[in-house]
Structure formats: C-alpha cells, structure tokens
Participant: 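Shown below is the structure under consideration.
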Amino acid sequence: MGDQTPSAGLSNVLNKVKPYLAMVSLQFGYAGMYIISMVSLKHGMSNFILATYRHVVATIVIAPFAFVLERKIRPKMTLPIFLRIVVLGFLEPVLDQNLYYLGMKYTTATYASAFVNMLPAVTFILAMIFRLEKVNVKKIHSLAKIIGTTITVVGAMVMTLYKGPIIDFMKSGGATHHGTTAESADKNWITGTIMLLGSIFGWSSFFILQSFTLKKYPAELSLTAWICFMGMVQGTGVSLVMVRDLSAWKVGWDSRLLAATYSGIVCSGIAYYVQGVVIRERGPVFVTSFSPLCMIITASLGAIVLAEKIHLGSILGAIIIVSGLYTVVWGKSKDGKNSETDEESNALQELPITNNARSISVDDGIDGPAKIVNIPTSKSPFSTQRS
C-alpha cells in the first residue's frame, strides 16, 4: 500500500466523494424542477397529468439504457420482485407526488415545503424499525445521526415558519407567486396536513422498500425503468379518474412540455437510478439527509429567476440545516469505517492456524489405545486476509 501511485490515490478520493457529489447534484435538479413545475401549474396544468407525463418521459429515456447495459447482469424477474416494483411505482410516482401537490393547494407552499424537510427524520425512524439503520447510543457516531436529524428538522421549521425582515440581495421588486395557495389555506388546513403527512410517509417508504428490493434485484437501471413504467401505468389510471376533461392532456411547445420532460429525465429517471446506487452503498438515511439542501437551493434560484424575497428566517434556517446535515453525514461516514474495522477483526479471528506442529489424540470409538496423529507444519500456511 505504501507504493500507491498518485492516480490510484486520486481514484480512491473520487470514489469516496462521488456519493456526496451525486446527492448534492440531485438537489439542484429537484430545485430546478420546483421552479419549472410551479410555472406550468400556474398556467393550469393538472398535477395528476404532470406526474403521469413525467414518468412517460422517464420510461422512454431510461428503458433503452437498461435493456442494453444490463442485459447480462439483469436478475430473473420473479413474482415477489414484480409485486415490490408495483408498490414502488405507486408509493413515489403516484402517491407521494400527487399528495404533495394537493396538500400544497389545501395549505400553503411554505407549509408544504416545511414538511418535505421532515423526510430525513421519517426515513431514519423507518430505517431503525426495519433494521436498516443501526443505532447504538453509547457510540458518538450513532448519537450524531440522531442529533443531526433533529437539528435538520428544526432548521427546516425555522426556515419556513419564521420569516423575519426581508434581505433584498437583488434589490428587486418582484412579488411572490404563492397567492393562490395562500388563499385556499384557511379552507381545508387539516385535510392538507394529512395529505402532506401521507406524502412524506409515501416517499420515506419508497426509499425503504427500494433498499430491500435492490438486495433481491441488484440492477439499478432496470429497476428504475420498471418503477417509471409502473408509475406511468398507475398514474394514467389515477389521472383518467381525477381529470375527466380530455383536453387537459394536450401539451404544446410551452412550459408544460418543459416541465414534463425536465422532471421525467432529471427527477425520475436519473434521480431514481442515482438514489438506487447510493442507497446500495450508503443506505436510505444518507440519501434523504441531503433533501433539506433543496430548499436552500430553491430559495436562491427563486430570488434570481423569479425575483422572490429572501427573509432573515430563511438564512438562519439554512445555517441550522447545513449544521445538522454535516452532523448526519459525519455519523454515516463513521459507520462505514466501523463496519470495515469489524470485518477485518472478524476475518483475523477465523481459522486460527499457526506454524507450530501439533499432535492430537483421536478416539475412533474402537476399544484399545488412542491413536496419535501428527500434523506437520505447512510451508505455506493458509492466510485469512484478502489480498
């Protein structure tokens, strides 16, 4: 290991950094989807149809890559795996996305965005219940994950529920675009809250079930294509029931087509695949711990693109969120080191063969003196450590 080349060292560093870069990049992708989707919804596009078209695009884009690149490693499809994929196609593409938009309409966009940042905490709790996340309160890194999750939720609530004075970086007079949702907030607040809770539990359950499914079906691209396809099929059925006007399905060269194409490629196709890869390596809690960054990025893009106002509470909440995020990530990084140490110690304890010759007595069950068997010393003893 001492004569490791610089290129090999750089490769090791990149492999360690890739999960972090992948998840941060996804948050930029989600933030862009938020901006574009808000524009299309303001122009009258149905959220049910948007979610359906999103997965139509994702299926068309991802399926060919999955068919070609994973044709040799794709596991055999079984009924239990197929049923899991059907549930995955319902949890996030249909249940989560539509409940979130409906909840936002019944409450406010600010209230809904606060609930999204509860995703890491809910996923962490579900991961502990299903034993995907190990917690030992006697170890610092486990406490860091618990404390970091709590700090993240607190920061998200501060960012969304406390406004404070306006910090006008851009010196612009743009108005916010949440008037419609604010007007409907007083009508069905309880119903909207229940829908948002259902959205968060649906998304968290999706991550947990995806983690289990990848163990039985370790082909990320193929699984992504199947999820998008099932989401498209189930989403079409729900849309036909909820939206009776067939003219609502028309899409031109406008924000509707852009929203469906962008969200389908980036936030369904690429996102499902990247999340699957990172989940296999780091677990579902690591993936969801980055979701609060989306609010920070969205606030920044909103100020630049939509001329939205940034309040002092948003800045304070962002600082708290980043602090909690780094705490969770630090705890997860220590998890990886501890697991490697445990594997090495277990390997060293296996097959304790020494170089000393031993003489052992063997009782063959026949009357008479015991037989003595000499085991000679091997010139090349077994090694239990992997090269």
Participant: Counting distance only, does the side-chain N/O of Thr59 pair as donor-acceptor with the main-chain N or O of Cys228 below 3.5 Å?
Facilitator: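 At least one qualifying donor-acceptor pair exists.
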Participant: Does the ring center of Tyr217 lie less than 6.0 Å from the ring center of Trp226?
Facilitator: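 They do not qualify: ring centres at least 6.0 Å apart.
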Participant: Apply side-chain hydrogen bond (donor to acceptor under 3.5 Å, both in side chains) to Tyr30 and list each qualifying residue two or more places apart in sequence or on a separate chain.
Facilitator: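 Per chain and number, Tyr30 pairs via side-chain hydrogen bond (donor to acceptor under 3.5 Å, both in side chains) with Gln275.
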Participant: Given 3.5 Å as the limit, does a donor-acceptor pair link the side chain of Thr123 with the main chain of Ser204, or not?
Facilitator: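 Checking the backbone N and O of Ser204 against the side chain of Thr123, no donor-acceptor pair under 3.5 Å is found.
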Participant: Would you find a donor on one side and an acceptor on the other, under 3.5 Å apart, between the side chain of Tyr262 and the backbone of Gly29?
Facilitator: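 Checked: pair present.
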Participant: Side chains of Ser205 and Leu126: does their closest heavy-atom pair fall under 4.5 Å?
Facilitator: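 Counting from C-beta outward, Ser205 and Leu126 do come under 4.5 Å.
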Participant: Taking Glu70 for the side chain and Leu221 for the main chain, is one N or O donor matched with an acceptor at less than 3.5 Å?
Facilitator: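 Side chain of Glu70 to backbone of Leu221, a donor-acceptor pair under 3.5 Å: yes, one is there.
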Participant: Let me confirm one number: the CZ-OG distance from Phe206 to Ser211, rounded to the nearest 0.5 Å.
Facilitator: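 The CZ atom of Phe206 sits 11.5 Å away from the OG atom of Ser211.
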Participant: More than 12 foreign heavy atoms under 6.0 Å from CD1 of Ile140: is that the case here?
Facilitator: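 Check fails, neighbour count at 12 or below.
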Participant: Any non-hydrogen side-chain atom of Leu214 less than 4.5 Å from a side-chain atom of Ile279?
Facilitator: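 Yes, close enough: below the 4.5 Å cut-off.
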Participant: What I'd like to find out is whether the side chain of Val243 reaches to under 4.5 Å of the side chain of Ile49, using heavy atoms alone.
Facilitator: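 Yes. Closest side-chain heavy atoms under 4.5 Å.
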Participant: With a 4.5 Å cut-off on side-chain heavy atoms, are Arg282 and Val287 touching?
Facilitator: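 Counting from C-beta outward, Val287 and Arg282 never come under 4.5 Å.
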Participant: Measure the shortest side-chain to side-chain distance between Ile227 and Pro93 over non-hydrogen atoms and say whether it is less than 4.5 angstrom.
Facilitator: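 Yes, at least one pair of side-chain atoms sits under 4.5 Å.
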Participant: Quick one: are Met242 and Val238 in side-chain contact, heavy atoms under 4.5 Å?
Facilitator: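 A side-chain contact under 4.5 Å exists here.
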Participant: Given side chains that start at C-beta, do those of Ser40 and Leu258 come closer than 4.5 Å, heavy atoms only?
Facilitator: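 Side-chain contact under 4.5 Å: no.
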Participant: Which is it for Lys145 and Met128 under the side-chain contact (heavy atoms from CB on, under 4.5 Å) test, yes or no, and what are the steps along the way?
Facilitator: CA-CA 12 Å; Lys145 291 186 290 185; Met128 287 193 299; over 6 Å; no
Participant: Is the side chain of Thr150 donor-acceptor paired with the backbone N or O of Ile146 at a distance under 3.5 Å, no angle test?
Facilitator: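 Checked: pair present.
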Participant: Under a 4.0 Å N-O cut-off, is there an ion pair linking Glu220 with Arg280?
Facilitator: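 Yes, this pair counts.
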Participant: Using modelled atom types and a 3.5 Å cut-off, is there a donor and acceptor pairing between side-chain atoms of Arg71 and backbone atoms of Val68?
Facilitator: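 Looks like yes, one N/O pair under 3.5 Å.
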Participant: Check whether any side-chain N or O of Ser199 sits under 3.5 Å from a backbone N or O of Met195 as a donor-acceptor pair, and report yes or no.
Facilitator: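 Judged by distance alone, no pair lies under 3.5 Å.
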Participant: Counting C-beta onward and ignoring hydrogens, is there a side-chain heavy-atom pair between Pro75 and Pro218 closer than 4.5 Å?
Facilitator: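 Result yes, sub-4.5 Å side-chain heavy-atom pair found.
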Participant: Linking I/L/V/M/F/W/Y whenever any side-chain heavy atoms sit under 4.5 Å apart, do Ile73 and Phe65 land together?
Facilitator: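 Different clusters: Ile73 never reaches Phe65 through Ile, Leu, Val, Met, Phe, Trp or Tyr contacts under 4.5 Å.
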Participant: Parallel, tilted or perpendicular: which one describes the rings of Trp203 and Phe207, with boundaries at 30° and 60°?
Facilitator: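 Aromatic pair Trp203/Phe207 classed parallel.
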Participant: How would you list, by chain and number, every residue that makes a salt bridge (Lys or Arg N to Asp or Glu O under 4.0 Å) with Arg74, sequence neighbours excluded?
Facilitator: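 None.
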Participant: Given side-chain hydrogen bond (donor to acceptor under 3.5 Å, both in side chains), test Tyr272 with Gln210 step by step and report yes or no.
Facilitator: CA-CA 10 Å; Tyr272 291 165; Gln210 185 182 25; over 6 Å; no
Participant: For ring pair (Phe, Tyr, Trp, His ring centres under 6.0 Å), just list the numbers for Tyr20 and Phe286, CA-CA rounded to whole Å, side-chain angles, deciding distance to a tenth of an Å, and then say yes or no.
Facilitator: CA-CA 9 Å; Tyr20 300 91; Phe286 180 87; 5.2 Å; yes
Participant: Side chains of Thr52 and Thr236: any donor to acceptor distance under 3.5 Å?
Facilitator: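 No.
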Participant: Side chains of residues 76-90: which donor-acceptor pairs under 3.5 Å do they make with residues two or more places apart or in other chains?
Facilitator:
from  : atom 1 : to     : atom 2 : distance (Å)
Arg84 : NH1    : Phe212 : O      : 3.3

Participant: Give a yes or no on whether the backbone of Ser222 and the side-chain of Tyr273 come within a donor-acceptor separation of less than 3.5 Å.
Facilitator: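 Checking the backbone N and O of Ser222 against the side chain of Tyr273, no donor-acceptor pair under 3.5 Å is found.
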Participant: Can you see which heavy atom on Gly231 is nearest to which on His55, and at what distance?
Facilitator: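 The pair with the smallest heavy-atom distance is C-CB, 4.3 Å.
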